[in-house]
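The next block holds one structure in the form of structure tokens; read it before the comments.
Just so it is clear, the values below take in all heavy atoms, side chains as well, and ignore hydrogens, waters and symmetry mates.
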Amino acid sequence: MRSHVTRRARTRAAALLLAPVLALSAVACSEDEPVDPEAPVDVEVGEKFSWNGFTVPAGWEYDTITETVALEEQTHPLVRARVVNDGDEARSALFEFVFVAEGEALATVRCNSTEELAPEQEGDLFCPGYGEPVPEGYDTVVVQPVTRS
């Protein structure tokens with residue numbers, strides 16, 4: 001019985017010690033804090049989204065394509081989309097779509113704009129999933145910076 005009371009007292013003391021830290025964390029994460037423009041974002045296929053100063057308008061598609069490579073047919077994922085540069089200087093889009101099922105990446109499709117885009121200019125995205133498996137049963141699509149593996 002004594003250890004039960006002692007454990008409860010220790011838990012209460014730990015909570016009291018953590019309260020100021022949690023309060024400071026809440027202040028540090030306030031709305032005044034700038035948001036990382038390259039933070040990964042969950043998106044829905046076909047829905048408009050913005051990431052890192054670019055907007056992909058509604059209507060983008062996930063598909064598959066079968067091509068012959070070295071006399072062998074290969075099927076891989078493909079994203080068809082347009083992109084708008086929301087920034088104030090000319091630049092190219094570069095990011096990846098990660099198709100995820102239950103927290104595990106199934107396929108990664110890297111995308112880049114087919115040209116440098118002036119501010120407010122819209123252009124095509126080139127998003128072939130060469131060498132990637134076709135993601136079956138994905139439950140989440142994440143847009144994030146290109147990762148090197």
Side-chain angles (χ1 to χ4, degrees), residues 10-149:
R10 274 188 259 161
T11 303
R12 230 178 279 147
L16 289 172
L17 289 172
L18 285 175
V21 173
L22 294 174
L24 287 174
S25 298
V27 170
C29 295
S30 71
E31 291 180 23
D32 295 337
E33 181 100 8
V35 176
D36 180 2
E38 290 190 356
V41 62
D42 291 1
V43 300
E44 295 289 329
V45 173
E47 298 293 317
K48 175 182 175 178
F49 69 88
S50 295
W51 181 82
N52 195 22
F54 289 97
T55 296
V56 173
W60 64 276
E61 301 174 328
Y62 160 73
D63 202 355
T64 60
I65 188 168
T66 301
E67 299 179 312
T68 303
V69 178
L71 301 176
E72 184 179 315
E73 282 195 351
Q74 295 181 0
T75 301
H76 54 264
L78 174 72
V79 173
R80 291 186 174 99
R82 306 269 300 158
V83 65
V84 178
N85 178 5
D86 297 329
D88 55 3
E89 58 187 49
R91 60 201 181 114
S92 297
L94 178 64
F95 57 87
E96 61 190 22
F97 290 93
V98 182
F99 294 83
V100 180
E102 298 179 9
E104 183 177 330
L106 302 176
T108 300
V109 178
R110 290 176 177 84
C111 295
N112 60 280
S113 52
T114 57
E115 62 182 315
E116 185 173 83
L117 302 171
E120 301 306 316
Q121 181 182 356
E122 183 172 338
D124 290 320
L125 276 176
F126 179 66
C127 308
Y130 296 131
E132 289 291 315
V134 173
E136 303 277 339
Y138 63 89
D139 54 34
T140 306
V141 181
V142 178
V143 172
Q144 66 183 27
V146 171
T147 56
R148 306 289 180 205
S149 48

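Taking 4.5 Å as the limit, some side-chain heavy atom of Val45 sits within range of a side-chain heavy atom of Val141. Using a 4.5 Å cut-off on side-chain heavy atoms (C-beta onward), Asn85 and Phe54 make contact. Using a 4.5 Å cut-off on side-chain heavy atoms (C-beta onward), Asn52 and Glu38 make contact. Arg110 places a side-chain heavy atom less than 4.5 Å from the side chain of Glu96.
Here the SG atom belonging to Cys127 is positioned 13.0 Å from the OH atom belonging to Tyr62, to the nearest 0.5 angstrom. Atom OG1 in Thr108 sits 5.0 Å away from atom CD in Glu132 (nearest 0.5 Å). A distance of 10.0 Å separates OG1 in Thr140 from CD in Glu102, rounded to the nearest 0.5 Å. Atom CD in Gln144 sits 10.5 Å away from atom CG in Asp42 (nearest 0.5 Å).
Of all heavy-atom pairs spanning Ser113 and Leu117, the tightest one is CB-CD1, 4.1 Å. When all heavy atoms are compared, the tightest approach of Glu115 to Ser92 is O-OG, 3.9 Å. Listed here is the closest heavy atom pair of Pro77 and Ala107: CG-CB, 4.4 Å.
At most 12 non-hydrogen atoms from other residues, nucleotides or ligands lie less than 6.0 angstrom from CD of Glu104.
Looking at Thr55, its side chain never comes within 3.5 Å of a backbone N or O of Pro57 through a donor-acceptor pair.
Only one option out of Trp60, Trp51, Tyr138 pairs with Phe97 in a ring-ring contact (aromatic ring centres under 6.0 Å, His included); it is Trp60. Between Val134 and the choices Ile65, Thr64, Thr66, Leu106, the side-chain contact (heavy atoms from CB on, under 4.5 Å) rule is met once, by Thr64.
By the salt bridge (Lys or Arg N to Asp or Glu O under 4.0 Å) test, Asp124 is found to be paired with Arg82, residues two or more places apart in sequence or in another chain being considered.
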